[in-house]
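In what follows, a structure is listed as structure tokens, so that the remarks can point back to it.
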Protein chains: 2
Amino acid sequence: MIPSDEFLESKGIRPTAMRLLVFQHLTKSKVATTLSDIENAFAKADRTTLFRTLKTFEQKRVVHQIDDGSGIMKYALCEEGCNCELERDLHLHFHCTNCGKTICLTEQKIPHINLPEGFVAEDANLVLKGICDKCSGQ
Amino acid sequence: MIPSDEFLESKGIRPTAMRLLVFQHLTKSKVATTLSDIENAFAKADRTTLFRTLKTFEQKRVVHQIDDGSGIMKYALCEEGCNCELERDLHLHFHCTNCGKTICLTEQKIPHINLPEGFVAEDANLVLKGICDKCSGQ
DNA sequence: TCAATAAATGCACTTCCATTGCATTGCCCT
DNA sequence: AGGGCAATGCAATGGAAGTGCATTTATTGA
Ligand SMILES: [Mn+2]
Ligand SMILES: [Mn+2]
Ligand SMILES: [Zn+2]
Ligand SMILES: [Zn+2]
């Protein structure tokens with residue numbers, strides 16, 4: 001397991017204290033994380049800094065932003081070995097309408113869709129909504 | 001072609017003047033429509049009324065709401081003959097990053113996805129982003 | 001080492017859209 | 001006509017993203 005600071009540096013990100021904390025928080029989380037989640041996790045942190053930290057992470061392809069339709073953006077670490085640098089990792093996301101949690105289903109890729117003449121797709125977002133495994137009692 | 005007021009009544013909606021205008025505006029539009037679009041179309045209308053009109057239409061399955069990830073909700077008429085009353089019509093949507101327009105691709109249904117044990121999907125949203133036919137010059 | 005420079009952070013403020021409260025108006029039915 | 005409910009209009013609120021700018025912290029290079 002490569003240390004966090006080395007990892008961030010390998011991505012071209014200066015490993016400040018704040019960034020390391022955010023990164024490690026994301027590492028621990030099994031579900032996609034909101035800005036408020038992180039804000040609440042370390043009471044000391046300023047929202048703007050966290051916001052910009054996530055933005056930096058996103059630009060450097062450390063995290064991806066997830067719009068699950070809840071109105072609140074979520075973030076999750078990119079998969080190790082995903083080739084985000086070259087093309088987006090188009091896996092799908094599941095949003096539980098019961099507990100509100102959103103998780104990456106990294107194994108489930110968004111299927112290829114044949115579009116009508118003239119349409120060129122560059123990105124895709126597929127969100128399934130329903131009841132997650134925890135909430136369905138399995 | 002069934003008259004608008006009869007159609008709305010058949011859906012359990014009182015056909016007020018405002019509602020008829022909104023409905024006809026939606027009928028004419030080839031692309032998904034925002035609240036502001038409608039607001040600008042009839043300078044006289046109040047935003048709140050339009051908002052609640054769309055909400056009513058949505059509840060009565062006259063329109064469906066589209067979250068294309070732009071941060072602004074869009075609305076489009078439900079297909080004639082779609083069985084929205086029973087289950088959602090899970091077609092996909094295309095959002096053009098050039099002109100900002102979003103269109104329903106009602107022919108293209110969201111493919112069925114096999115989920116891991118314990119996950120129960122009740123709804124799905126698939127948005128493709130890219131360049132639309134108009135903007136790609138086809 | 002120290003000054004110059006650049007990057008990151010913190011606070012306040014703004015923007016944008018969705019949403020609500022409440023008073024008023026309009027419609028329908030008896 | 002009048003009672004009652006539905007629809008409307010105006011004002012205000014809320015939540016989240018995003019920006020401006022001053023301050024602090026880190027890096028560089030003389
Ligand atoms: Mn994901
Ligand atoms: Mn549609
Ligand atoms: Zn759940
Ligand atoms: Zn376009």
Side-chain angles (χ1 to χ4, degrees), chain A residues 4-6 8-9 11-25 32-60 62-76 95 100 102 125 127, chain B residues 4-6 8-25 32-60 62-76 95 97 100-102 125:
Chain A
S4 299
D5 55 348
E6 285 181 23
L8 290 184
E9 280 189 335
K11 293 283 189 172
I13 300 170
R14 298 222 312 233
T16 65
M18 202 69 249
R19 287 170 172 175
L20 285 168
L21 281 173
V22 172
F23 178 71
Q24 280 161 16
H25 186 267
T33 305
T34 68
L35 186 52
S36 295
D37 288 339
I38 302 177
E39 198 182 8
N40 296 333
F42 341 109
K44 195 62 202 311
D46 179 76
R47 191 177 187 80
T48 311
T49 304
L50 298 175
F51 174 76
R52 289 196 263 237
T53 295
L54 289 171
K55 201 168 181 179
T56 301
F57 282 7
E58 198 196 354
Q59 282 162 351
K60 302 293 186 175
V62 170
V63 303
H64 59 282
Q65 198 181 41
I66 304 163
D67 182 353
D68 61 10
S70 68
I72 305 169
M73 282 300 171
K74 300 188 177 166
Y75 301 85
H95 176 65
T102 294
N125 185 31
V127 179
Chain B
S4 299
D5 55 348
E6 284 181 23
L8 290 184
E9 279 188 336
S10 78
K11 293 284 188 172
I13 300 170
R14 296 221 315 234
T16 66
M18 201 70 250
R19 286 169 172 177
L20 286 167
L21 282 172
V22 172
F23 178 70
Q24 281 161 15
H25 186 267
T33 305
T34 68
L35 185 53
S36 295
D37 287 340
I38 303 177
E39 198 183 8
N40 295 334
F42 342 110
K44 196 60 200 315
D46 179 74
R47 190 180 185 81
T48 311
T49 304
L50 299 176
F51 174 77
R52 287 196 265 237
T53 295
L54 289 171
K55 201 168 180 178
T56 300
F57 282 7
E58 197 196 353
Q59 281 162 352
K60 301 292 186 176
V62 170
V63 302
H64 58 282
Q65 198 181 42
I66 305 163
D67 182 354
D68 61 11
S70 67
I72 306 170
M73 282 301 171
K74 300 189 178 166
Y75 302 85
H95 176 65
T97 52
K101 293 198 171 83
T102 294
N125 184 32

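To find a chain, count down the sequence lines: A is the first, B the second, and so on, and within it residues start at 1.
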key: Nucleotide C:dC27, atom P - distance to CD1 of B:Ile13 in whole Å   = 18 Å
message = Rounded to whole Å, please give me the gap between CG in B:Leu54 and P in D:dA7.
response = 14 Å
query = In whole angstrom, what separates A:Leu8's CG from D:dA26's C1'?
reply = 16 Å
Whole-Å distance separating the CE atom of A:Met18 from the C1' atom of D:dT24 = 15 Å
key: Which residues share a side chain to side chain donor-acceptor pair (under 3.5 Å) with A:Asp46, sequence neighbours left out   = A:Thr48
Show every donor-acceptor pair shorter than 3.5 Å between a side-chain atom in residues 65-73 of chain A and any protein atom, with sequence neighbours excluded, or say none if there are none.
{"residue": "A:Gln65", "atom": "NE2", "partner": "A:Tyr75", "partner atom": "OH", "Å": "3.1"}
{"residue": "A:Asp67", "atom": "OD1", "partner": "A:Gly69", "partner atom": "N", "Å": "3.1"}
{"residue": "A:Asp68", "atom": "OD1", "partner": "A:Ser70", "partner atom": "N", "Å": "2.8"}
{"residue": "A:Asp68", "atom": "OD1", "partner": "A:Ser70", "partner atom": "OG", "Å": "2.6"}
{"residue": "A:Asp68", "atom": "OD2", "partner": "A:Lys74", "partner atom": "NZ", "Å": "3.0"}
{"residue": "A:Asp68", "atom": "OD2", "partner": "A:His95", "partner atom": "ND1", "Å": "3.2"}
{"residue": "A:Asp68", "atom": "OD2", "partner": "A:Thr102", "partner atom": "OG1", "Å": "2.5"}
{"residue": "A:Ser70", "atom": "OG", "partner": "A:Ile72", "partner atom": "N", "Å": "3.3"}
{"residue": "A:Ser70", "atom": "OG", "partner": "A:Ile72", "partner atom": "O", "Å": "3.4"}

task = Identify, with sequence neighbours excluded, every residue that meets ring pair (Phe, Tyr, Trp, His ring centres under 6.0 Å) alongside A:Phe42.
result = A:His25
ask   = In whole angstroms, how far is the P atom of D:dA16 from the CD1 atom of B:Ile72?
value = 18 Å
query = Any idea which of C:dA18, C:dA8, D:dT8 is nearest the B:Arg19 side chain?
reply = D:dT8
remark   = Against the side chain of B:Thr53, the closest entry in C:dT9, D:dT8, D:dA16 is D:dT8
query = Which of residues 38-45 of chain A have a heavy atom under 4.0 Å from DNA chain C?
reply = none
Pair up each side-chain donor or acceptor in residues 13-23 of chain B with any protein partner under 3.5 Å, not counting sequence neighbours, and list the distances.
{"residue": "B:Thr16", "atom": "OG1", "partner": "B:Arg19", "partner atom": "N", "Å": "3.2"}
{"residue": "B:Arg19", "atom": "NH1", "partner": "B:Arg14", "partner atom": "O", "Å": "3.0"}

task = List for me each residue that meets salt bridge (Lys or Arg N to Asp or Glu O under 4.0 Å) alongside A:Glu39, sequence neighbours excluded, and say none if there are none.
result = A:Arg47
inquiry  = Suppose we screen for side chain to side chain donor-acceptor pair (under 3.5 Å). Which residues come up paired with A:Ser36, at least two apart in sequence or across chains?
reply    = none
note = From CG of B:Leu50 across to P of D:dA7 the rounded distance in Å is 15 Å
ask   = In whole angstroms, how far is the P atom of D:dA7 from the CD atom of B:Glu9?
value = 12 Å
task = Could you please spell out the steps behind the side-chain contact (heavy atoms from CB on, under 4.5 Å) verdict for A:Ile38 and A:Leu54?
result = CA-CA 10 Å; A:Ile38 302 177; A:Leu54 289 171; 4.0 Å; yes
key: Angle between terminal axes - the helix from C:dT1-D:dA30 to C:dT30-D:dA1, 5 pairs each end, rounded to 10°   = 10°
key: Per-nucleotide protein contact string for nucleotides 19-24 of chain C (B base, S sugar-phosphate only, - none; heavy atom under 4.0 Å)   = SBBB--
message = Counting only side-chain nitrogens and oxygens, does A:Thr49 get under 4.0 Å of the OP1 or OP2 atom of C:dA8?
response = no
ask   = Of all residues at least two apart in sequence or in a different chain, which pass the side chain to side chain donor-acceptor pair (under 3.5 Å) check with B:Thr34?
value = B:Asp37
note = Separation of C:dA18 atom C1' from B:Asp46 atom CG, nearest Å, is 14 Å
key: Which residues share a side chain to side chain donor-acceptor pair (under 3.5 Å) with B:Gln59, sequence neighbours left out   = none
query = Nearest to the side chain of A:Arg14, which nucleotide is it out of C:dA7, C:dA18, C:dT9?
reply = C:dA7
